[in-house]
> 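What follows is a single structure, and I will ask about it in a moment.
Below, chain A is the first sequence line, B the second, and so on; all start at residue 1. Fair warning: this is a prediction, and the values are worked out from it, not measured in the lab.
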Amino acid sequence: MKTVRVRVAPSPTGDPHVGTAYIGLFDYVFARSRNGKFILRIEDTDRTRSTPESEQAIMESLRWVGLQWDEGPDVGGDYGPYRQSERSEIYRAHTQMLLEADKAYRCFCTPERLTEMRDRQRKEKLPPKYDGRCRELKPEEIENNLSEGKPFVVRLRIPPHGYVSFTDKIRGLVQIATEQIDDQVLLKSDGFPTYHLANVVDDHLMEITHVIRAEEWISSTPKHVLLYEAFGWEMPQFIHMPLLRNTDKSKISKRKNPVSLLWYKDQGYMPEALLNFLGNMGWSFSDGREIFSLDEMIADFSWDRVGTTGPVFDITKLDWMNGMYVRQLSPEKLTSRLLETALAGRDVGRERLLRIAPLIQERITKFSAEEFDAMSDFFFIGADQLEYDPGLLAPKKTEPADVAPALQKMRERFDALDAWETQPMEDAIRALADEIGWKAGSLFMCVRIAVTGRKATPPLLESMVILGKDESLKRMDNAIEKAQALL
RNA sequence: GGCCCCAUCGUCCAGCCUGGCCCAGGACACAGGAUUUUCGAUCCUGGAACGAGGGUUCGAAUCCCUCUGGGGUCACCA
């Protein structure tokens, strides 16, 4: 059995895309499950749009989610170079082979003529297709054009009749009439190959056994099949994964969905969760579980369980899943993640955070500064910086005038406590509530506002322990003062 | 528009290949309840789908056909 070799082949033209991680995940999982190789190939044949920054970001993001490749531009390998812009000679030589075998031809048509041609075809409601003007140029004409230095492209000569078919591993037989296929440009006038040529040549030379890519490529696969045939090469297995969708079912896009992996990182999503979420798109674990690690997915993976319907990318479920992952973290790991993501660049002491983090663990869904602050900013400011509406201090169904005296008594009881621990505090609160005829919950809320300035907080008593007695009492004092205004 | 792909709860999936165990199961979200010092987490309960029409069959979510719907693609972009 041949060694499984798969590749993910992003084009470095912008932010790293979730779709790349999605396809990469299945490449990776399949390769690992079959003891194969996972390769990263950079398809930078579009000279105007490709940038080194984008390539860098793609590699960093793929590593961030945890998909490490065995061969690639940075780590090398026996089938390099892995950057298409460095393989120009290879494509030129292969184009030459095709030209000599008359499987391809030079086309001297100008872009202007082609645009005009398509406009005409559209007007006449004909399918837009190259009209074949240069298909049968005489050798002399070609020589002339060449010596005049006219720019040209090389097109694949598609047989005018017949059918092309291929078997997709998860979809079955796909067949199409060659009339439907255009004489695809293989080599652009700038000497660079198009996706189609480079892709086929590289997949063959790199001995790729399974071409895993998105559904949007199905319609160009017949061209690739014809190319393999023209070269006389063995065909890889084709597997077209379903396309990730927006809510309106269209192909996932920037305008309707966060699509950049950088965004997910910034938002504080855990890469494990993102990958797990992606693993549930189009694939399902054999026992139905939805939370699984990469290794578990590898152990259970099979193409039989890959579906063909395009899943809507619904971030709501990702949020839930991320929350599940967050809650599984140990206090130490939780603290580390917070420090390196939500709190990156802030001066927060690790020891103190180690005590706070567990209190907010089940209250945040991701490691964003927003969520962290919403939950715990009161820990990081002084008593005098605490701002809130004094009205909040008064519980429902109590006389506003009673609030200040109640807080005053509470402060005294707190101050008299032998130990600044949760149990004595709770006892004191309940006892006082009883004495003044308040519901315990009301007194809790009153103190909560006094100490945190918020209605929704982490557990109050634990928070006060962390704040310390002095700080807590100071906040009580300020609250008493504010409560005077309620009279 | 041509061609191609797809079609189960609002969403993600299971079931379909090898018809009956499915008046369709799980998860997210939503609603209600329990618990609780708030929020959250947790637990319980609930509503919620086989696109339509024809076949085949004793029997169809499952097989076949048509229609409808959605999507992709038709570049010297990938």
Side-chain angles (χ1 to χ4, degrees), chain A residues 9-13 43-46 48-50 107 109-111 114-115 118 122 125-130 151-155 168 171 174-177 179-182 184-196 198-199 213-222 240 242-243 245 247-251 277 280-291 304-305 307-321 323 327 360-365 374-375 425-426 429-430 433 439-449 452 454-461:
Chain A
S11 135
T13 54
E43 309 226 327
D44 55 350
T45 55
D46 184 339
T48 57
R49 297 200 303 147
S50 299
C107 171
C109 294
T110 62
L114 294 174
T115 310
R118 281 187 209 105
R122 227 195 335 269
K125 300 211 166 155
L126 294 166
K129 200 179 163 194
Y130 180 58
F152 65 90
V153 300
V154 175
R155 290 179 184 272
D168 185 284
R171 292 164 198 268
V174 178
Q175 195 178 48
I176 181 179
E179 282 90 354
Q180 299 296 329
I181 310 173
D182 207 356
Q184 185 59 51
V185 171
L186 300 177
L187 201 68
K188 303 182 236 179
S189 54
D190 64 4
F192 273 70
T194 58
Y195 167 83
H196 307 281
N199 193 266
R213 53 172 33 154
E215 187 183 353
E216 56 185 328
W217 293 105
I218 292 181
S219 50
S220 44
T221 303
H240 292 94
L243 219 38
R245 315 290 183 117
T247 312
D248 63 6
K249 300 288 172 106
S250 58
K251 174 162 86 167
F277 175 69
N280 279 298
M281 304 268 92
W283 182 77
S284 58
F285 212 96
S286 61
D287 67 4
R289 80 179 83 159
E290 299 190 275
I291 305 276
D304 295 343
R305 300 198 66 81
T308 48
T309 45
V312 170
F313 191 92
D314 184 2
I315 210 156
T316 314
K317 194 156 183 176
L318 205 212
D319 285 336
W320 163 76
M321 193 167 271
R327 274 167 248 137
I360 63 168
Q361 184 163 28
E362 63 181 34
R363 292 172 173 77
I364 56 175
T365 61
M375 222 56 248
M425 284 183 205
E426 176 160 0
I429 293 175
R430 289 189 187 284
K439 288 172 70 179
S442 296
L443 226 205
F444 266 103
M445 184 51 85
C446 186
V447 175
R448 182 186 314 282
I449 299 294
T452 70
R454 293 176 172 278
K455 287 194 287 187
T457 71
L460 179 60
L461 278 11

> Using distance alone, with no hydrogens and no angle criterion, decide if A:His240 and A:Thr221 have a side-chain donor and acceptor under 3.5 Å apart.
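Yes.
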
> OG/A:Ser11 to CG/A:Asp44 distance, rounded to the nearest 0.5 angstrom?
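The CG atom of A:Asp44 is 8.0 Å from OG of A:Ser11, to the nearest 0.5 Å.
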
> Given the C1' atoms of B:G59 and B:C16, what is the spacing between them in whole Å?
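It works out to 16 Å between them.
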
> Which value, rounded to the nearest 0.5 Å, describes the distance between A:Glu215 atom CD and A:Thr308 atom OG1?
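Going from the CD atom of A:Glu215 to the OG1 atom of A:Thr308 covers 8.0 Å.
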
> Given the C1' atoms of B:G15 and B:C9, what is the spacing between them in whole Å?
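One C1' to the other, the span is 14 Å.
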
> Using a cut-off of 4.0 Å on non-hydrogen atoms, how would the nucleic acid contact of A:Glu179 be classed: base, sugar-phosphate, or nothing?
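It contacts nothing in the nucleic acid.
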
> What protein N or O atoms touch nucleotides 76-78 of chain B N or O atoms at under 3.5 angstrom, if any, and at what distances?
residue	atom	partner	partner atom	Å
B:C76	OP1	A:Arg118	NH2	3.2
B:C76	OP2	A:Arg118	NH2	3.2
B:C76	O2	A:Ser189	N	2.8
B:C76	O2	A:Ser189	OG	2.7
B:C76	N3	A:Ser189	OG	3.0
B:C76	N4	A:Cys109	O	3.3
B:C77	OP2	A:Lys188	NZ	3.0
B:C77	O2'	A:Asp46	OD2	2.9
B:C77	O2'	A:Arg49	NH2	3.3
B:C77	O2	A:Arg49	NH2	3.3
B:A78	OP1	A:Thr45	OG1	2.8
B:A78	OP1	A:Lys188	NZ	2.7
B:A78	OP2	A:Tyr195	N	3.1
B:A78	O3'	A:Glu43	OE1	3.1

> Please list each protein N or O that sits under 3.5 Å from an N or O in nucleotides 67-69 of chain B, with the distance.
none

> In whole Å, I'd like the distance from the CG atom of A:Asp168 to the P atom of B:G72.
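Roughly 18 Å, once rounded to whole Å.
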
> Any idea which of B:A7, B:C74, B:U42 is nearest the A:Pro128 side chain?
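Nucleotide nearest to A:Pro128's side chain: B:C74.
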
> Starting at atom NE2 of A:His240, determine the distance to atom C1' of B:G71, rounded to an integer number of angstrom.
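In whole Å, B:G71 C1' and A:His240 NE2 are 15 Å from each other.
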
> Start at the 5' end of RNA chain B and walk down; is the nucleotide closest to A:Lys125 or to A:Ile218 reached first?
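Residue closer to the 5' terminus by nearest nucleotide: A:Lys125.
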
> Could you check if a side-chain atom of A:Arg171 sits within less than 4.5 angstrom of a side-chain atom of A:Ile218, using non-hydrogen atoms only?
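With C-beta onward as the side chain, the pair touches.
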
> Under 4.0 Å, counting only non-hydrogen atoms across every strand here, what does A:Arg245 touch: a base, just sugar-phosphate, or nothing?
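Since only primed, P, OP1 and OP2 atoms lie under 4.0 Å of A:Arg245, the category is sugar-phosphate.
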
> What I want to check is whether the side chains of A:Ser284 and A:Arg305 have a donor and an acceptor closer together than 3.5 Å.
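There is such a pair between these side chains.
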
> In whole Å, what is the span from the CG atom of A:Asp248 to the C1' atom of B:G72?
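In whole Å, B:G72 C1' lies 14 Å from A:Asp248 CG.
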
> For the CD1 atom of A:Ile429 and the SG atom of A:Cys446, what is their distance to the nearest 0.5 Å?
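With rounding to 0.5 Å, CD1 (A:Ile429) is 10.0 Å from SG (A:Cys446).
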
> Using 4.0 Å as the upper bound for N to carboxylate O, is an ion pair formed by A:Lys317 and A:Asp314?
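Between A:Lys317 and A:Asp314 there is no salt bridge, as every charged N stays at least 4.0 Å from the carboxylate O atoms.
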
> Would you kindly give the CD1-to-P distance between A:Ile176 and B:C3, to the nearest whole Å?
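Distance check: A:Ile176 CD1 to B:C3 P gives 10 Å.
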
> Would a distance-only check, ignoring hydrogens and angles, find a side-chain to backbone donor-acceptor pair under 3.5 Å from A:Glu43 to A:Pro10?
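Judged by distance alone, no pair lies under 3.5 Å.
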
> Please determine if A:Lys129 and A:Glu179 form a salt bridge, counting it only when a charged side-chain N lies under 4.0 Å from a carboxylate O.
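Looking at A:Lys129 and A:Glu179, the cut-off is not met.
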
> Taking atom C1' of B:C4 as reference, at what distance in whole Å does atom CG of A:Asp182 sit?
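Interatomic distance, CG of A:Asp182 to C1' of B:C4: 16 Å.
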
> What do the steps show when you test A:Trp320 against A:Phe277 for ring-ring contact (aromatic ring centres under 6.0 Å, His included), and what is the final call?
CA-CA 10 Å; A:Trp320 163 76; A:Phe277 175 69; 9.6 Å; no

> If you measure from CD on A:Glu426 to CG on A:Leu461, what distance do you get to the nearest 0.5 Å?
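That separation rounds to 6.0 Å.
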
> Take atom C1' in B:A24 and the same atom in B:G33, then report the distance between them in whole Å.
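These two C1' atoms come out 27 Å apart once rounded.
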
> Please give, in whole Å, the distance from B:C6 C1' to A:Glu215 CD?
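The distance from CD of A:Glu215 to C1' of B:C6 comes to 7 Å, rounded to the nearest Å.
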
> For A:Arg245 and A:Thr309, does a side-chain donor sit closer than 3.5 Å to a side-chain acceptor?
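No pair is found: no donor N or O on one side chain lies under 3.5 Å from an acceptor on the other.
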
> Using a cut-off of 4.0 Å between protein heavy atoms and nucleotide atoms, how would you tag nucleotides 11-16 of chain B 5' to 3' with B, S and -?
SBSSS-

> Classify the ring geometry between A:Trp217 and A:Tyr195 as parallel (under 30°), tilted (30 to 60°) or perpendicular (over 60°).
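Aromatic pair A:Trp217/A:Tyr195 classed parallel.
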
> Measure across A:Thr194 and A:Val185 and return the closest heavy-atom pair with its distance rounded to 0.1 Å.
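Closest approach of A:Thr194 to A:Val185: OG1-O, 2.8 Å.
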
> Please measure how far the P atom in B:G19 lies from the corresponding atom in B:C64, and state the result in whole Å.
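The answer is 12 Å between these two P atoms.
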
> Take atom P in B:G26 and the same atom in B:A49, then report the distance between them in whole Å.
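The same atom, P, in both gives a distance of 14 Å.
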
> Between B:U37 and B:C30, how far apart are the two C1' atoms, rounded to whole Å?
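So the two C1' atoms sit 27 Å from each other.
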
> With P as the reference atom in both, quote the distance from B:G51 to B:G69 in angstrom, rounded to an integer.
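Between the two P atoms, the distance is 15 Å.
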
> Distance check, C1' atoms only: B:G55 and B:G1, in whole angstrom units.
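Between the two C1' atoms, the distance is 31 Å.
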
> Dot-bracket for RNA chain B, 5' to 3', with Watson-Crick and G-U pairs under 3.5 Å, [ ] for crossing pairs and | for other-strand pairs: what is it?
(((((((..((((......[....)))).(((((.......)))))....(((((..]....))))))))))))....

> What's the spacing between A:Asn199 CG and A:His196 NE2 if we round to 0.5 Å?
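Taking CG in A:Asn199 and NE2 in A:His196, the distance rounds to 8.5 Å.
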
> Could I get the full list of side chain to side chain donor-acceptor pair (under 3.5 Å) partners for A:Lys439, not counting sequence neighbours?
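By the side chain to side chain donor-acceptor pair (under 3.5 Å) rule, A:Lys439 matches no residue at all.
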
> So which protein N/O to nucleotides 32-38 of chain B N/O distances come out below 3.5 Å?
residue	atom	partner	partner atom	Å
B:U37	OP1	A:Arg430	NH2	2.7
B:U37	O2'	A:Arg448	NH2	3.1
B:U37	O2	A:Arg448	NH2	2.5
B:U38	O2'	A:Lys455	O	2.9
B:U38	N1	A:Arg448	NH2	3.4
B:U38	O2	A:Thr457	N	2.7
B:U38	O2	A:Thr457	O	3.1
B:U38	N3	A:Arg448	NH1	3.3
B:U38	N3	A:Thr457	O	2.7

> Quick one: A:Tyr130 OH to B:G2 P, roughly how many Å, whole number?
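For the pair A:Tyr130 OH and B:G2 P, the rounded distance is 26 Å.
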
> Would you kindly check if the NZ (Lys) or CZ (Arg) of A:Arg155 is within the cone defined by 45 degrees around the ring axis of A:Tyr130 and under 6.0 Å from the six-membered ring centre?
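So A:Arg155 does make the cation-pi contact.
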
> So, taking the atom named CE in A:Met321 and the one named CD in A:Glu290, what distance separates them when rounded to the nearest 0.5 Å?
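Atom-to-atom, A:Met321:CE and A:Glu290:CD are 6.0 Å apart.
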
